[in-house]
Amino acid sequence: MTKKSMDKIMALAKRRGFVFQASEIYGGINGFWDYGPLGTLLKRNLREAWWQDVVLFPCRGALGPNGEPVRMVPLDTTIIQHPKVWEASGHVAGFSDPMVDCRESKARYRFDHLLVFAPASGDTQGKPYFAYLTDSPSEAKQKKKAEKAFGDVITIALSEVPKDAWARVLGPDAEKVGSLTEPRAFNLMFKTYVGATAGEDDVAYLRPETAQGIFVQFKNVLDTTRVKLPFGIAQTGKSFRNEVTPRNFTFRSREFEQMEIEFFCHESEAAEWYRFWRDTRMAWWQSLGLKGENLVLREHDREERAHYAKEGAGVSDVEFRFPFTDPGFGELEGIAHRTNFDLGQHQKFARTNLEFFDSDRGELLPNGSRKGEKYLPHVIEPSAGLDRGVLALLCEAYTEDPSRPSPELLRLHPRLAPVKGAVFPLVNKDGMPEISEKLHAELVRKFYRLGPIEHDVKQSIGKRYARMDEAGCPYCFTVDGETASAQTVTVRDRDTGAQERIGIDRVAEFLAQKLEQS
RNA sequence: GCGGGAGUAGCUCAAUUGGUAGAGCGUCAGCCUUCCAAGCUGAAUGUCGUGGGUUCGAGCCCCAUCUCCCGCUCCA
C-alpha cells in the first residue's frame, strides 16, 4: 500500500469543508481548528456512535466479566469547576512544571531536568557551574569544560545550586554564564476569571480533562439514580490544554473534545474490568473501520504510567498509525486503571465521604441478606479523543485510486458517513428530475435523523458521483430512462463503483438496511 | 522553545534584473449530456498571511510578527 499523503488529506479536508483553521481570515490561531459542514456531520456521527454503543446500549449488549449487562449512566458537567478540583486532581501542581529559559540561546528547559557539573571539592572558586541535560550534546561538552576547570567533578541538580551562585551557572547551550532565568511555573491549564471584577481571588481554569467532573459528581449520581456498583458514568465534552507545541493538524489541539467513561468497581474486580474495557474499546474502533495494522493496542510500561495509575492493573492505548506518525503511532484512546486515587483525593480535599456502601458484599447473614461493605471504588477509565477519532477516520478512509476517473474518495463506514445517500436524475430532462425529486423528498423524510440525503441535477453524472465520493457518501441512486416504465433505479456503490437495479419503492428499505449493518 | 521549509483565487501552483497578478482544476449560470471529474459559452473570486521600512514604483529587497509543515523538545 502506498503511503498516504497528509498534504492531500488536508487539502481534501479543506476543499470539501471538513476542517478549517480557526479564525482563518485573521491569520489563524495556533492550536485551534473548526469543523466545516461535512466535518461537523462526521464528528457528530462519531460522537453519536460512541453515545449509542456506550450509554444507550452499553457494549451492544455484551456481558461484563461479572456476567451481567454493563451498566452506564450519562452525565454532563461544566468546563469550569471549582479551582480546588484541580488542586485535588494534581493538575495545578502537575501542570506547572517549572521551566528555565536561556536568555542567550533562547532554549527552554524543565527545571527538574537540568543537572550541573560542580567541583568534587564543593567550592567553584568563582568558576562556573556547568549545566547540562542528560543524554544531550551538552553533557559531554560541559563535562569536558568542567573537568578542565576543576579536575574531579560531581553531578548535582540545578536546584541544589545556591541562589546566590545562580549568576555563575553556564547554560547547556550558552557561551556566557548567568543566561538562565529563574524557574517559572508553566501552567498548561487555561486560566480565566469568574465574575466581572477579575481579581486574583477569582481565578478559575478551563478543564484539562472531563474526568474530574465525573468524580466530583460521583456521589450525586449514586444518590439519585439507584445504580449499583459496578457501573460507569459517561460524558462527552470539550477540554482545553495550553500545549507547548500544538502539532500535526488537529491531532494535538489546544481545544479538543473527549469521550470519557469512568467505570467504578470494587478493587478486587478492577483487573478484569480493565481487561474487559481495553478489549471492548479496541473492538469498537475496529467496528468503525479502523482495521488491520494501522490500529494497535499498546500496553504501557509501569514507568510510563501517570502518577494516578502507577499502582493499578494497567494502562493501554488504542493507537492509530497516522501518516504523520508513520511508522509510529498516535494515541486515540487511553484505558487506565486509575485506582481510587481521584475519589480519594476529592474525599480528602472536599472533606466529603465518597465511599460506596455495597449491600451485595460482606458476610452472609442468617436472614439471607449480606452485611454489606463500605469502600472507595476503583476506577477504570476509557478516555477517547473525539477529534483524534475524526482525524484517524479521515486518514483511514482517504483513498487514491488512479484507475478511477475521480481518483480521490473517502471510504467512510456508512454509519459515520456525513452524507447518507444521494439521488440524481441521469439527465436533467425527460421527466427524470421530477421523479428524482420525489424520491429525494421521501428519503429525506425517512433519514433526516441519521444525516442528509443530497439531490443534484447539475452537470454530468460522473461529476456528481465524484463529488459524493469525496464527501464519503456510500450510495447514489440514479433515476434513468427505465425508471418511468420499469419503476426501478440504479444504486451505485461508492467503494466499487458497481451498480445494481432495484425497485424505486425499495430504495428506502435498501438504504436503511445498509446504514444499520454496523 | 530550538533548527529547517513554506505562506499568491476554494484546491494545486506560476509570475524574467523590483514595473498595474496568471494557469489548471474546482465553484456558479446557460447550452449540451441516457452512467463515472466529457464538451461549448459566459461569470464570480486575490488588500500576494499581517504590520512596518527602502524605492518614483514591492508578490519579489529589509525588519518585525502570525500561521502551517518537517526534525528535536514537550505530551502531567
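Scope of the values below: all heavy atoms of this structure, side chains included, with no hydrogens, waters or symmetry mates. Proteins come first, then strands; the chains are lettered A, B, ... in the order of their sequence lines, and each starts at number 1.
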Using nucleotides 65-70 of chain B, report all nitrogen or oxygen pairs with the protein that are shorter than 3.5 Å.
residue: rU67(B); atom: OP1; partner: Asn30(A); partner atom: N; Å: 3.2
residue: rU67(B); atom: O4'; partner: Gly27(A); partner atom: O; Å: 3.1
residue: rU67(B); atom: O3'; partner: Gln21(A); partner atom: NE2; Å: 3.0
residue: rU67(B); atom: O2'; partner: Gln21(A); partner atom: NE2; Å: 2.5
residue: rC68(B); atom: OP1; partner: Gly31(A); partner atom: N; Å: 3.4
residue: rC68(B); atom: OP2; partner: Asn30(A); partner atom: OD1; Å: 3.1
residue: rC68(B); atom: OP2; partner: Asn30(A); partner atom: ND2; Å: 3.4
residue: rC69(B); atom: OP1; partner: Phe249(A); partner atom: N; Å: 2.5
residue: rC70(B); atom: OP1; partner: Asn248(A); partner atom: OD1; Å: 3.4
residue: rC70(B); atom: OP2; partner: Asn248(A); partner atom: OD1; Å: 3.0
residue: rC70(B); atom: N4; partner: Arg247(A); partner atom: NH2; Å: 3.4

**Q.** Inter-nucleotide C1' distance (rA44(B), rA9(B)), Å rounded
**A.** 11 Å

Q.
If I pick the C1' atom on rC68(B) and the same atom on rG49(B), what distance separates them, to the nearest angstrom?
A. 11 Å

Q. Leu188(A) has an atom CG; how far is it from atom P of rA76(B), in whole Å?
A. 10 Å

**Q.** Whether Arg207(A) side chain and Lys238(A) backbone form a donor-acceptor pair below 3.5 Å
**A.** yes

Q.
Roughly how many Å apart are rA23(B) and rU8(B), using the C1' atom of each and rounding to a whole number?
A. 13 Å

Q: Kindly say whether Leu170(A) contributes a backbone atom to a donor-acceptor pair with the side chain of Gln142(A) at under 3.5 angstrom?
A: yes

Q.
Whether the Glu209(A) and Ser239(A) side chains hold a donor-acceptor pair (N or O, under 3.5 Å, no angle test) is what I'd like checked.
A. no

Q.
For a quick check of understanding: with a heavy-atom distance under 4.0 Å over all strands, which category does Arg492(A) fall into, base, sugar-phosphate or nothing?
A. base

Q: Go through residues 426-442 of chain A and report each residue with a non-hydrogen atom lying under 4.0 Å from RNA chain B, sorted by number.
A: Leu426(A), Val427(A), Asn428(A), Lys429(A), Asp430(A), Met432(A)

Q) Considering only the P atoms, how many Å lie between rU67(B) and rU55(B), rounded to the nearest integer? A) 32 Å

Q.
Could you tell me if the side chain of Leu133(A) sits less than 4.5 Å from the side chain of Leu115(A), heavy atoms only?
A. no

Q | NZ or CZ of Arg298(A) within 45° of Phe329(A) ring axis and under 6.0 Å | A | no

Q) What is the distance, rounded to the nearest whole Å, between atom CG of Asp469(A) and atom C1' of rA37(B)? A) 10 Å

Q | Whole-Å gap separating C1' (rA9(B)) and CZ (Arg15(A)) | A | 15 Å

Q) Side chains of Gln81(A) and Thr78(A): is there a donor and an acceptor less than 3.5 Å apart? A) yes

**Q.** Nearest-Å distance for atom pair CD/C1', residues Glu408(A) and rG10(B)
**A.** 14 Å

Q. Do Ser316(A) and His300(A) meet the criterion of a side-chain donor-acceptor pair at a distance under 3.5 Å?
A. no

Q.
Can you confirm whether the side chains of Gln212(A) and His346(A) place a donor and an acceptor under 3.5 Å from each other?
A. yes

Q. Using the P atom in both, what is the distance from rG39(B) to rU33(B), to the nearest Å?
A. 16 Å

Q | Selection residues 17-44 of chain A - residue pairs positive for salt bridge (charged side-chain N to carboxylate O under 4.0 Å, His left out), sequence neighbours left out | A | Lys14(A)-Glu24(A), Lys43(A)-Glu257(A), Lys43(A)-Asp387(A)

Q: Please measure how far the P atom in rG59(B) lies from the corresponding atom in rG7(B), and state the result in whole Å.
A: 16 Å

Q) In dot-bracket, 5' to 3', how would RNA chain B read with Watson-Crick or G-U wobble pairs under 3.5 Å, [ ] for crossing ones and | for pairs to another strand? A) (((((((..((((.....[..)))).(((((.......))))).....(((((..]....))))))))))))....

Q) Choosing from rA76(B), rU12(B), rC72(B), which nucleotide comes nearest the side chain of His91(A)? A) rA76(B)

Q. Does the ring centre of Phe322(A) sit less than 6.0 Å away from the ring centre of Phe324(A)?
A. yes

Q: May I have the distance from Ile9(A) (atom CD1) to rC11(B) (atom C1'), rounded to whole angstrom?
A: 15 Å

(Q) In whole Å, measure the gap between the C1' atoms of rC11(B) and rU45(B) for me. (A) 13 Å

(Q) By nearest heavy atom, map Pro405(A) and Glu24(A) onto RNA chain B; which one lands nearer the 5' end? (A) Glu24(A)

(Q) In this structure, how many angstroms lie between the C1' atom of rA76(B) and the CG atom of Asp342(A), rounded? (A) 13 Å

Q) rC35(B), rA76(B), rA37(B): which one has an atom nearest the side-chain heavy atoms of Arg241(A)? A) rA76(B)

**Q.** Whole-Å distance separating the CD1 atom of Ile25(A) from the P atom of rA9(B)
**A.** 15 Å

**Q.** Asn242(A) CG to rG1(B) P, straight-line distance once rounded to whole Å
**A.** 11 Å

Q. Is the Phe117(A) to Tyr129(A) ring centre distance short of 6.0 Å?
A. no

Q. Are any of Lys14(A)'s side-chain N or O atoms less than 4.0 Å away from OP1 or OP2 of rC11(B)?
A. yes

Give the table of side-chain donor-acceptor pairs shorter than 3.5 Å for residues 460-467 of chain A, with sequence neighbours excluded, one pair per line with atom names and distance.
residue: Ser460(A); atom: OG; partner: Lys463(A); partner atom: N; Å: 3.3
residue: Arg464(A); atom: NE; partner: Lys458(A); partner atom: O; Å: 3.1
residue: Arg464(A); atom: NE; partner: Gln459(A); partner atom: O; Å: 3.2
residue: Arg464(A); atom: NE; partner: Ser460(A); partner atom: O; Å: 3.4
residue: Arg464(A); atom: NH1; partner: Pro425(A); partner atom: O; Å: 2.7
residue: Arg464(A); atom: NH1; partner: Asp456(A); partner atom: O; Å: 3.1
residue: Arg464(A); atom: NH2; partner: Pro425(A); partner atom: O; Å: 3.4
residue: Arg464(A); atom: NH2; partner: Leu426(A); partner atom: O; Å: 3.3
residue: Arg464(A); atom: NH2; partner: Gln459(A); partner atom: O; Å: 3.0
residue: Tyr465(A); atom: OH; partner: Thr478(A); partner atom: OG1; Å: 2.8
residue: Arg467(A); atom: NH1; partner: Gln459(A); partner atom: OE1; Å: 3.1
residue: Arg467(A); atom: NH2; partner: Asp456(A); partner atom: OD2; Å: 3.1
residue: Arg467(A); atom: NH2; partner: Gln459(A); partner atom: OE1; Å: 3.2

Q.
I'd like to know if the side chain of Thr490(A) pairs up with that of Arg501(A) as donor and acceptor (distance under 3.5 Å, no hydrogens or angles considered).
A. no

Q.
Any heavy-atom pair between the side chains of Leu443(A) and Val507(A) that's under 4.5 Å?
A. yes

Q: Taking only the side-chain nitrogens and oxygens of Ser460(A), find out if one of them lies under 4.0 Å from OP1 or OP2 of rA38(B).
A: yes

Q: For this output row, return yes or no: ring centroids of Trp33(A) and Phe20(A) closer than 6.0 angstrom.
A: no

Q. Would Tyr205(A) and Phe190(A) count as a close aromatic pair, with their ring centres under 6.0 Å?
A. no

Distances under 3.5 Å only, N/O to N/O: pair up the protein atoms with those of nucleotides 27-29 of chain B.
residue: rU27(B); atom: OP1; partner: Arg467(A); partner atom: NH1; Å: 2.3

**Q.** Atom P, compared across rC69(B) and rA64(B): separation rounded to whole Å
**A.** 23 Å

(Q) Tell me whether the side-chain N or O atoms of Ser406(A) pair up with the base of rC36(B) as donor and acceptor below 3.5 Å, since no angle test is needed here. (A) no

Q.
Classify Glu470(A) by what it touches in the nucleic acid, base, sugar-phosphate, or nothing, heavy-atom distance under 4.0 Å.
A. base

